[in-house]
Protein chains: 2
Amino acid sequence: MCPPDDLNAEARRHAERFQRVREAHQTELAEDYVELIAHLIEETGEARVVDLAGWLGVTNATVNNTIQRLQRDGLVTTKPYRSIFLTDAGRELAEQSRKRHDIVREFLIALGVDSQTADIDAEGIEHHVSSATLKAFAKFVNKARRST
Amino acid sequence: MCPPDDLNAEARRHAERFQRVREAHQTELAEDYVELIAHLIEETGEARVVDLAGWLGVTNATVNNTIQRLQRDGLVTTKPYRSIFLTDAGRELAEQSRKRHDIVREFLIALGVDSQTADIDAEGIEHHVSSATLKAFAKFVNKARRST
DNA sequence: ACAACATCTTAGCAAGGGCTAAATTTAGGT
DNA sequence: ACCTAAATTTAGCCCTTGCTAAGATGTTGT
Ligand SMILES: [Mn+2]
Ligand SMILES: [Mn+2]
Ligand SMILES: [Mn+2]
Ligand SMILES: [Mn+2]
C-alpha cells in the first residue's frame, strides 16, 4: 500500500557507503607505511624504525607496534634489531599506493591548488579514491598537460 | 659543511601532513553523525538511535557509545530513552559538513564520475579536503555548470 | 490493563593506534 | 677492548570504535 520503503533503500545505500569508508580506514595506515618504506629503501638503502618514526611524526614504539601488525599481515619482514624489508605483497601495495598518491597530488595541482596544500590533502584523499575516480583524475591531468 | 639537512626538512613536512590526517580522522565520525542527525531531523522530525544505526550500518550499541562521546564533546544533547538533538555547535558543524559534502559530490560528478561512485567516494574524501581545495572544487563545478 | 514488541542502555569484550618509561641490543669512538 | 650513545624492543597505559548479550524502558494493540 505505502510505497515500498524507498526510505529504507536509501538508508541501506548510505550504510554501504559507510562500510566502505570504514574498510578504507583499516588499510590506510598499511598503505602509507609500505609506501614510505619503499621510498626510504630506494633513497637511503634501508628503512629503519627511527626513520619511519621521524617521517611519520610518531614515536619509535608506535612504529614498532605497527610494523608487527604489518608483519602479521604479510607485508613486511623483520629480524630483531634489524631494518625492515618489504615482502612481494608489500612491494606491490607500495607501488600501487605510490602511483595513486602521485596521481591525486598531480590532479590537485592541475586543478589549481597550491602544491603545499596539494601535498597535505593528497595524503588523506588518496585512500578514498576508487579506481573509477582515479581514472577521471588521471584523464584530467593529461588533458591539462596537453593544453599547456 | 654538508648541505644543512634538507632531508630532515622533508621528513618534517611529511610528518606534519600525517599529523593532519590523524587529526581529520578524529573528527570524521563526529562530522558524519551530526550531518546525518540534522538530515533525519529535517526529513522525519527526529533522530533516533535505531535510525542512525540503520543509516550508518552499525549496531544500536555502537551508536549509543558514539552519541555519548558527542554529548561529552558538546555536539548533541540527549535524555534517557529519548531522541537526539543537536546543540548550536552541533548544528553548525552539521551545516558546514553538509555543504562541504555536497560540493565534493557535485565536483566528482562534474568531473565525469558516475553518481553512484561519486556518492561512495565523497563520503570519505570530504573529510580530507582543505578550504583551499574546496574552493577549487566549487570553482570547477560552477565553471562546468555555466558551460553546459 | 497488560502482554508483546520495539527501542534504548549497560556490561563486557576485542582490535587498532597512540603514548611514556624502562629494558635490551647494536654501533661508534677512544 | 670497552664505554657510551643510539636504536630497538617490551611493558603498561589510554582512548576510539566496533561487537554481542542481556537488562531496562517505552509503545502499542487488544
Ligand atoms: Mn600515500
Ligand atoms: Mn596517506
Ligand atoms: Mn558527509
Ligand atoms: Mn563522510
Side-chain angles (χ1 to χ4, degrees), chain A residues 5 8 11 15-34 36-37 40 44-73 75-85 123-124 127, chain B residues 5 8 11 15-34 36-37 40 44-73 75-85 123-124 127:
Chain A
D5 39 349
N8 230 297
E16 271 164 38
R17 292 201 290 269
F18 264 87
Q19 273 150 11
R20 295 279 199 103
V21 174
R22 287 198 295 272
E23 280 165 30
H25 283 166
Q26 291 198 323
T27 56
E28 290 202 21
L29 202 67
E31 290 168 356
D32 287 331
Y33 265 72
V34 295
L36 178 55
I37 290 167
L40 288 176
T44 73
E46 61 174 357
R48 278 150 55 241
V49 169
V50 66
D51 297 327
L52 288 171
W55 281 77
L56 295 168
V58 296
T59 64
N60 292 0
T62 296
V63 170
N64 214 60
N65 286 340
T66 306
I67 292 296
Q68 280 174 23
R69 242 176 304 123
L70 296 184
Q71 188 165 24
R72 182 203 62 191
D73 297 342
L75 295 170
V76 307
T77 59
T78 68
K79 275 183 265 191
Y81 294 93
R82 284 285 119 83
S83 67
I84 298 149
F85 298 92
E123 191 61 73
H127 309 284
Chain B
D5 40 347
N8 230 295
E16 271 165 37
R17 294 201 288 270
F18 264 87
Q19 272 150 11
R20 294 278 199 105
V21 174
R22 286 199 296 273
E23 281 165 29
H25 282 168
Q26 291 197 323
T27 56
E28 285 200 28
L29 203 68
E31 290 168 356
D32 287 331
Y33 265 72
V34 296
L36 178 55
I37 290 167
L40 288 175
T44 73
E46 61 175 357
R48 277 149 57 238
V49 169
V50 65
D51 297 326
L52 288 172
W55 282 76
L56 294 168
V58 295
T59 64
N60 292 0
T62 295
V63 170
N64 213 59
N65 286 339
T66 306
I67 291 296
Q68 281 174 23
R69 246 177 300 125
L70 296 185
Q71 188 165 25
R72 182 203 62 190
D73 297 342
L75 295 170
V76 306
T77 60
T78 68
K79 275 183 265 188
Y81 293 93
R82 284 287 116 86
S83 68
I84 297 148
F85 298 93
E123 191 61 72
H127 309 283

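The chains referred to below are lettered A, B, ... by the order of the sequence lines, with proteins before strands, and numbering in each begins at 1. These numbers come from a predicted model, not from an experiment.
- Surrounding CZ of B:Arg20 are at most 12 heavy atoms belonging to other residues, nucleotides or ligands under 6.0 Å away.
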Quick test: give all pairs of protein nitrogen or oxygen and nucleotides 22-25 of chain D nitrogen or oxygen below 3.5 Å, distance rounded to 0.1 Å.
unit_1, atom_1, unit_2, atom_2, d
D:dA24, N3, B:Tyr81, OH, 3.4
D:dT25, O4', B:Tyr81, OH, 3.3

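- For the pair A:Asn60 CG and D:dT10 C1', the interatomic distance rounds to 13 Å; values are reported in whole Å.
- Looking at B:Leu52 and B:Thr66, their side chains never come closer than 4.5 Å, going by heavy atoms from C-beta outward.
- Contact record, A:His127 with A:Ala24: O-CB, 3.7 Å, taken as the closest heavy-atom pair.
- The side chain of B:Thr59 contributes an N or O atom lying less than 4.0 Å from OP1 or OP2 of D:dC19.
- Put simply, NZ on B:Lys79 is 16 Å from C1' on D:dG26, counting in whole angstrom units.
- Nearest-nucleotide positions on DNA chain D for A:Ser83 and B:Ala61 put A:Ser83 closer to the 5' end.
- In this structure, B:Leu29 places its CG atom 15 Å from P of C:dG17, rounding to the nearest Å.
- At whole-Å resolution of the value, CD1 in A:Ile67 and C1' in C:dG18 are 15 Å apart.
- Counting all heavy atoms, side chain and backbone alike, B:Ala30 lies closest to B:Leu75 at CB-CD1, 4.0 Å.
- Taking for each of A:Tyr33 and A:Arg82 the nucleotide of DNA chain C with the nearest heavy atom, the 5'-most of the two is the partner of A:Tyr33.
- Here A:Arg72 reaches the OP1 or OP2 of C:dG16: one of its side-chain N or O atoms lies under 4.0 Å away.
- The distance between atom CZ of A:Arg22 and atom C1' of D:dT16, rounded to the nearest whole Å, is 14 Å.
- Counting to the nearest Å, the P atom of C:dG18 and the CG atom of A:Asp32 are 10 Å from each other.
- Here the closest non-hydrogen pair linking B:Asn60 and B:Ala53 is OD1-CB, 3.2 Å.
- A side chain to side chain contact (heavy atoms under 4.5 Å, CB included) with A:Trp55 holds for exactly one of A:Leu36, A:Ile37, A:Val63, A:Val50; it is A:Leu36.
- Backbone-only contact: A:Gln68 has heavy atoms under 4.0 Å from sugar-phosphate atoms and none from a base.
- Taking only side-chain atoms of A:Asn65, from C-beta outward, the nucleotide of D:dC19, C:dG18, C:dC8 with the closest atom is C:dG18.
- Separating the CD atom of A:Gln26 from the P atom of D:dG18 is a distance of 10 Å, rounded to the nearest angstrom.
- Spacing between atom CG of B:Asn64 and atom P of C:dA6 amounts to 19 Å, rounded to whole angstrom units.
- Side-chain contact check for A:Asp51 versus A:Glu46: every heavy-atom pair is 4.5 Å or farther apart.
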